[in-house]
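Computed over heavy atoms, backbone and side chain alike; hydrogens, waters and symmetry mates excluded.
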Amino acid sequence: MEKKKEERQETMNFQKYQKNPVVNYPEREWPNKEIEHAPIWVSVDLRDGNQALVEPMNVNEKMEMFELLLKLGFKEIEIGFPAASQIEFDFLRKLVRENKIPDDVKVQVLTQCRKELIDRTFEAVEGIKNVVIHIYNSTSVLQRDVVFHKEKDEITQIAIEGVRMVKDHLNSFDGNVWLEYSPESFSGTEPEYAAEICNAVIKEWNHATPYPVIINLPNTVEMNTPNVYADQVEWVSKHLIDRDNVLVSIHPHNDRGTGTAATELALLAGADRVEGTLLGNGERTGNVDILNVAYNMFSQGIDPKLDIDNIQEIIDVYERCTKMPIDARHPYAGKLVFTAFSGSHQDAINKGMHAMKERDSKIWAVPYLPIDAADIGREYEPVVRINSQSGKGGVAFVMDTVYGYKLPKKMQREFADVIQLISEQEGGEVKPERIMKAFKEQYLDRKDPFELLHVDIDDNTGSDDTHVCINYKYNGEEICSEADGNGPIDAVKLAIHQTVPGVEFTVQDYFEHSLGVGSHAKAAAYIELEDSRNGNIIFGVGVSSNITRASIRAVFSALNRMADKSKEYV
């Protein structure tokens, strides 16, 4: 036991790590706020996303991604680091030559605070109407110590020099310029120093153009819980000079798996702008998934200000360009996120759907489904899928939504048991077409030992009774019988009793509904019988263009199931 403990200490040596500091900030206000509107969205798929790919996008793939981003409604798109890559420089020039950049879209380009890089960056953006020049340098305690070996004032001077070099190009540049500054590794930087260097940038810029300065506070590496990031963002935001002329931007990564939460809390903390990628592509565990945050807003009745109603189109382009698959459980985009296998979940979804329909509700309120899958283009995918863990509600949901059969509540358990047996015997998921096949075998196509051949019904007997003349086979022998009863079903029951004495039953309940709409719609009838010999409850189903004939077929369906209740139909 002691040896195991020693081995674990060697492989799981938690003592080599220390807690990252939190912000002592009792004045925080963000916990009492709510997200009320969408931020400015900035896609960094072509820069941060692309540099994280095993196989970076080629020119055609970049163009396809760029055009998708425009189609989705992004008005700010970071193209790349053109001064550091000839491929990215050439791609940007291609966009300019081919007039691919709409006048209302800002192109964002990243560069370090070095003269040759900033000069080259302005060469790349020549001819672009609206451009964001994004400069950065790392400010964290760790990077100042082990990477740059510089003191705070030296790090600040790098940022100031970068701003001056951008300003030097303004007179010779014809387009509109926004300055963006990122204290890279902001989440590992003391808030006081982060505010200090950002204020130095704002002061040096000094309204060089009539547009707000963008101060971007990146969660370059997630180092703590999302509330700590929110504290950092709010504290710095409140300590920026000339705040009315500053856009506070965030650039969250997902190292701890909390990128979405960090983004949402940072928005509460005062962020105006979010940089991220489609579906969370990016270095290490990725950037924040902009779609995830946007759909979250949508689910709360907030316009996300993006045209993201066709998730499958986005997935197709993303997978083709990045060559990375979307996980089946990825929020909103995964193939299984709108799917329920659990019986209790299926039952609740089924009841929720029916409640909305019955109440003609305009407000979405279905258990386990935070949004209507149809709103993001997923209407053709089954919400409920059946396996051995499913219950009566799921099977009933499939029969209703796919095939139009509204099974009576008491019948749902009976048929669900049939489907569960199929799942256990055949293994895995039971597709809707297999469920329907079993339904036909169990209820609609049974002709042994009873087979209905012909029936005449006469309601004009001069009394309250209905007269039936029925032809059917029993164990292959053709029988003709007549009887009067209190309605067609009662008359059929009496006609069978008097010709097959050993078969005795009582009618417990009856249901019916139309299958489809219009003059050619058929009727579905469900009958619940009790076997008088043993008390077994059996259901039967009949379908016909005539509701009376449908009900009689339902009786024969139930009689056949009654005669062979113990048989397993697969």
Side-chain angles (χ1 to χ4, degrees), residues 21-33 35-37 39-42 76 106 108 110 113 132-141 143-144 152-164 166-167 177-220 223-224 226-252 262-276:
V22 300
V23 181
N24 182 20
Y25 184 39
E27 302 84 12
R28 64 181 63 85
E29 296 180 4
W30 62 262
N32 296 320
K33 296 183 178 179
I35 295 174
E36 297 178 344
H37 58 83
I40 299 167
W41 301 111
V42 186
E76 299 192 25
K106 296 186 185 74
Q108 182 168 305
L110 184 71
C113 299
V132 178
I133 303 296
H134 183 184
I135 63 174
Y136 73 97
N137 64 318
S138 193
T139 61
S140 70
V141 176
Q143 293 223 35
R144 295 197 314 258
K152 292 178 183 176
D153 59 340
E154 296 175 286
I155 296 293
T156 301
Q157 193 59 35
I158 293 172
I160 291 172
E161 291 297 328
V163 176
R164 289 173 181 167
V166 173
K167 289 170 69 175
V177 175
W178 282 256
L179 176 72
E180 175 174 354
Y181 172 69
S182 289
E184 198 215 349
S185 301
F186 164 77
S187 46
T189 304
E190 310 93 315
E192 296 82 2
Y193 178 56
E196 178 185 321
I197 193 170
C198 289
N199 283 333
V201 165
I202 295 168
K203 185 176 179 180
E204 180 62 37
W205 185 248
N206 192 26
H207 300 272
T209 66
Y211 312 112
V213 177
I214 301 167
I215 295 297
N216 187 51
L217 305 176
N219 211 359
T220 307
M223 301 174 67
N224 219 316
N227 60 297
V228 175
Y229 183 54
D231 281 349
Q232 293 171 315
V233 170
E234 181 175 301
W235 194 96
V236 171
S237 175
K238 289 192 170 190
H239 288 80
L240 293 176
I241 61 174
D242 199 15
R243 180 64 179 87
D244 290 343
N245 289 300
V246 173
L247 288 174
V248 172
S249 177
I250 56 173
H251 182 111
T263 300
E264 292 177 333
L265 296 192
L267 289 172
L268 298 178
D272 307 298
R273 185 175 182 270
V274 173
E275 295 186 351

Could you grab the distance from atom OG of Ser249 to atom CD of Glu76, nearest 0.5 Å is fine? 8.0 Å

If we ignore hydrogens and angles and just use 3.5 Å, is the side chain of Asp231 paired with the main-chain N or O of Arg28 as donor and acceptor? no

So Tyr181 and Asn137, do their side chains get closer than 4.5 Å, heavy atoms only? yes

Considering only heavy atoms from C-beta outward, does the side chain of Pro218 approach that of Pro183 to under 4.5 Å? yes

Looking at OG1 of Thr209 and CD1 of Ile133, how far apart are the two atoms once the value is rounded to the nearest 0.5 Å? 10.5 Å

Could you grab the distance from atom SG of Cys113 to atom CD1 of Ile160, nearest 0.5 Å is fine? 10.5 Å

Ring pair (Phe, Tyr, Trp, His ring centres under 6.0 Å) with His239: which residues, sequence neighbours excluded? Trp235

Would you call Lys106-Glu180 a salt bridge at under 4.0 Å N-O? no

Identify, with sequence neighbours excluded, every residue that meets salt bridge (charged side-chain N to carboxylate O under 4.0 Å, His left out) alongside Arg164. Glu161, Glu204

List the residues meeting side chain to side chain contact (heavy atoms under 4.5 Å, CB included) with Lys238, not counting sequence neighbours, and say none if there are none. Tyr25, Glu29, Glu234

Could you walk me through whether Leu267 and Val274 pass side chain to side chain contact (heavy atoms under 4.5 Å, CB included), step by step? CA-CA 8 Å; Leu267 289 172; Val274 173; 3.8 Å; yes

Who are the side chain to side chain contact (heavy atoms under 4.5 Å, CB included) partners of Ile241, not counting sequence neighbours? Asn199, Ile202, Lys203

Should Ile215 and Val236 be marked as a side chain to side chain contact (heavy atoms under 4.5 Å, CB included) after you check the CA-CA gap, both sets of side-chain angles, and the distance that decides it? CA-CA 10 Å; Ile215 295 297; Val236 171; 5.5 Å; no

Please walk me through it: do Trp30 and Asn227 pass side chain to side chain donor-acceptor pair (under 3.5 Å)? CA-CA 9 Å; Trp30 62 262; Asn227 60 297; over 6 Å; no

Result block: side-chain N/O donor-acceptor pairs under 3.5 angstrom for residues 186-198, not counting sequence neighbours:
residue	atom	partner	partner atom	Å
Ser187	OG	Asn219	OD1	3.1
Ser187	OG	Val221	O	3.0
Thr189	OG1	Thr139	O	3.4
Thr189	OG1	Thr139	OG1	2.7
Thr189	OG1	Ser140	N	3.3
Thr189	OG1	Ser185	O	2.9
Glu190	OE1	Arg144	NH1	3.1
Glu190	OE2	Arg144	NH2	2.9
Tyr193	OH	Lys152	O	2.8
Tyr193	OH	Thr156	N	3.3
Tyr193	OH	Thr156	OG1	2.9

Considering all heavy atoms of both residues, which atom of Pro21 and which atom of Val228 are nearest to each other, and what is their separation? O-CG1, 4.3 Å

Please determine whether the number of non-hydrogen atoms from other residues, nucleotides or ligands lying under 6.0 Å from atom CG of Asp153 exceeds 12. yes

Got Tyr229 and Ile250 here, is their nearest side-chain heavy-atom distance under 4.5 Å? yes

Residues forming a side chain to side chain donor-acceptor pair (under 3.5 Å) with Gln232, sequence neighbours excluded: none

Identify the heavy atoms of Ala269 and Ala230 that sit nearest to each other, and give their distance. CB-O, 3.3 Å

Could you go through the side chain to side chain contact (heavy atoms under 4.5 Å, CB included) check for Lys167 and Trp205 one step at a time? CA-CA 8 Å; Lys167 289 170 69 175; Trp205 185 248; 3.5 Å; yes

Heavy-atom pair with the smallest gap, counting every atom of Ala159 and Ile135: O-CD1, 4.3 Å

dist Glu275:CD -> Ile40:CD1 (nearest 0.5 Å) comes out at 10.5 Å

After noting the C-alpha distance and the side-chain angles of Leu268 and Ile35, does the key distance pass the side chain to side chain contact (heavy atoms under 4.5 Å, CB included) rule? CA-CA 6 Å; Leu268 298 178; Ile35 295 174; 3.7 Å; yes

Could you state the interatomic distance from CG (Asp242) to CG (Asp244), rounded to the nearest 0.5 Å? 7.0 Å

